[in-house]
Amino acid sequence: VSQSRYAATIDKERAFQKLIIQHLAIVNVISPKVYTYIDASAGPGLYKTGYSGSPVTFLREAKKVGINFHAHFIEKDMATFGALTENISAVLSELRISNEKISLYNEEHEKVVPEILRTQFNNSLRYGLIYYDPNGIPNFDAIKKVSQSLYLQRMDLLICVPAVAVKRCLSIHGRRIVDYLDDIDKAHWYIKRISPRDKWGRIMLLGLNWDGIHEEKKWGWHSVNSREGRAILDEANLTKDEREYLAPRDCGQQTLEGYYG
């Protein structure tokens with residue numbers, strides 16, 4: 001793994017940690033019920049360097065907050081799932097967390113997440129977060145279907161998107177990031193640029209059905225309707241040539257105003 005790729009990954013994990021700390025704290029105040037966390041592309045949980053991935057980070061931060069939770073960790077790769085199982089077991093023992101608080105799945109999230117919503121939510125609305133961070137472009141069709149579940153109205157969506165990869169596939173799929181977001185049933189979207197060191201231009205997108213995260217700018221998050229958020233979204237959504245063409249000019253003005261509807 002190159003130094004730049006590793007550095008970008010660490011930046012991503014730090015961004016996740018900052019968000020999950022705030023998200024857990026908010027939900028812990030507004031709901032006495034169980035916080036549900038679903039990691040759709042969990043990975044090994046720990047990197048070979050010892051740095052924590054999202055599953056381990058979630059467990060550590062949930063323990064600090066003292067929130068009642070259930071975590072679902074999904075990993076389709078067999079070898080990676082083996083490492084995940086081992087690492088989670090060690091962390092549960094270290095933190096004295098009951099095995100009953102987690103579920104592990106060696107399957108594809110496209111199958112598992114709808115099944116979790118259908119069988120384990122007991123016809124009740126849950127507070128929590130579903131995190132999609134796959135290798136490559138997320139399966140937006142699957143995310144769209146999940147977002148339409150009645151049980152997901154109080155569950156927020158966090159999606160890590162390699163913007164460069166989406167733009168490279170534009171000629172194949174004919175869809176941009178904003179097109180995918182339009183399909184997902186969330187009322188508000190926030191955006192964060194993860195790392196200037198990431199050659200894939202990954203961004204994080206947070207979909208909510210409530211007003212927004214507290215002091216979001218402090219954490220580097222912006223509403224996609226804000227000036228800062230729109231600038232990040234434009235960079236992620238458009239190619240360099242498109243941005244240059246649409247930029248304001250001295251004679252006449254080609255702008256992005258109205259571009260997103």
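Keep in mind that the numbers below use all heavy atoms, side chains included, and drop hydrogens, waters and symmetry copies.
Once rounded to the nearest 0.5 Å, the distance linking CD1 of Ile102 with CD1 of Ile97 reads 9.0 Å. Residue Ile143 holds its CD1 atom at 13.5 Å from CG of Asp185, rounded to the nearest 0.5 Å. Distance check: His109 NE2 to Glu75 CD gives 10.5 Å after rounding to the nearest 0.5 Å. Between the OH atom in Tyr132 and the CG atom in Leu158 there is a gap of 11.0 Å [rounded to 0.5 Å]. For the atom pair Ile177 CD1 and Ile159 CD1, the distance stands at 10.0 Å (nearest 0.5 Å). The CD1 atom of Ile26 sits 4.5 Å away from atom CD of Gln22, with the distance rounded to the nearest 0.5 Å.
A donor-acceptor pair is defined here as one N or O able to donate and one able to accept, closer than 3.5 Å; no such pair exists between the side chain of Glu110 and the backbone of Ala142. Asp179 places a side-chain N or O within 3.5 Å of a backbone atom of Arg176 that can act as its donor or acceptor partner. Arg126 contributes no side-chain N or O that, together with a main-chain N or O of Thr36, makes up a donor-acceptor pair within less than 3.5 Å. For the pair Ser226 (side chain) and Ser223 (backbone), a donor-acceptor distance under 3.5 Å is present. Looking at Asn28, its side chain never comes within 3.5 Å of a backbone N or O of Leu24 through a donor-acceptor pair. In this structure, Lys167 contributes its side chain and Leu238 its backbone to a donor-acceptor pair below 3.5 Å. In this structure, the side chain of Asn106 does not engage the main chain of Phe81 through any donor-acceptor pair within 3.5 Å. Between the side chain of Thr57 and the backbone N or O of Gly53 there is at least one donor-acceptor pair closer than 3.5 Å.
Clustering ILVMFWY residues whenever any of their side-chain heavy atoms sit less than 4.5 angstrom apart, transitively, puts Val178 in a cluster other than the one holding Val164. Leu157 is connected to Ile137 through a chain of hydrophobic side-chain contacts under 4.5 Å among Ile, Leu, Val, Met, Phe, Trp and Tyr, so both are in one cluster. No single ILVMFWY cluster, assembled from side-chain heavy atoms under 4.5 Å apart, contains both Met78 and Leu84. The cluster map of Ile, Leu, Val, Met, Phe, Trp and Tyr, joined by side-chain heavy atoms under 4.5 Å apart, puts Val34 and Ile130 in different clusters. Following chains of ILVMFWY side-chain contacts shorter than 4.5 Å, one cannot reach Ile194 starting from Trp200, and the two form parts of different hydrophobic clusters.
Considering only residues two or more places apart in sequence or on other chains, Asp11 meets the side chain to side chain donor-acceptor pair (under 3.5 Å) condition with Ser195, Arg197. For Tyr47, the side chain to side chain donor-acceptor pair (under 3.5 Å) partners two or more places apart in sequence, or in a different chain, are Glu13. Looking at residues two or more places apart in sequence or on another chain, you find no salt bridge (Lys or Arg N to Asp or Glu O under 4.0 Å) involving Glu108. The side chain to side chain donor-acceptor pair (under 3.5 Å) check on Arg14 picks up Tyr51, with sequence neighbours excluded. In this structure Thr80 satisfies the side chain to side chain donor-acceptor pair (under 3.5 Å) test together with Asp77, sequence neighbours excluded. Judged as a salt bridge (Lys or Arg N to Asp or Glu O under 4.0 Å), and not counting sequence neighbours, the contacts of Lys64 are Glu61. With sequence neighbours left out, the salt bridge (Lys or Arg N to Asp or Glu O under 4.0 Å) criterion links Glu94 to Arg60. Among residues two or more places apart in sequence or in another chain, the salt bridge (Lys or Arg N to Asp or Glu O under 4.0 Å) test is passed with Arg175 by Asp183.
Between the side chains of Asp156 and Trp210, at least one donor N or O sits under 3.5 Å from an acceptor N or O. Side chain to side chain, Tyr190 and His222 fail the donor-acceptor criterion of an N or O pair below 3.5 Å.
For the pair Ser52/Leu46, a side-chain contact is recorded, criterion being any heavy-atom separation below 4.5 Å from C-beta on. Residues Arg202 and Thr9 meet the side-chain proximity criterion, which asks for heavy atoms closer than 4.5 Å. Between Leu152 and Leu117, some side-chain heavy-atom pair lies under the 4.5 Å cut-off. Trp189 is not listed as a side-chain neighbour of Leu206, based on a closest heavy-atom distance of 4.5 Å or more.
Ring geometry for Tyr37 against Phe73 counts as perpendicular: the plane angle is over 60°, on a 0 to 90° scale with 30° as the lower cut. Aromatic ring orientation, Phe140 versus Tyr180: parallel (interplanar angle below 30°, classes split at 30° and 60°).
Pairs engaging residues 97-107 under the salt bridge (charged side-chain N to carboxylate O under 4.0 Å, His left out) rule: Glu107-Lys111 [sequence neighbours left out]. For residues 33-55, no residue pair satisfies the salt bridge (charged side-chain N to carboxylate O under 4.0 Å, His left out) rule, not counting sequence neighbours. Listed by first and then second residue, the ring-ring contact (aromatic ring centres under 6.0 Å, His included) pairs that reach into residues 155-176 come to none, sequence neighbours excluded. Screening residues 132-147 for salt bridge (charged side-chain N to carboxylate O under 4.0 Å, His left out), with sequence neighbours left out, gives Lys12-Asp133.
The aromatic ring centres of Phe69 and Phe58 sit less than 6.0 Å apart. In this structure, the ring of Tyr35 has its center no less than 6.0 angstrom from the ring center of His70.
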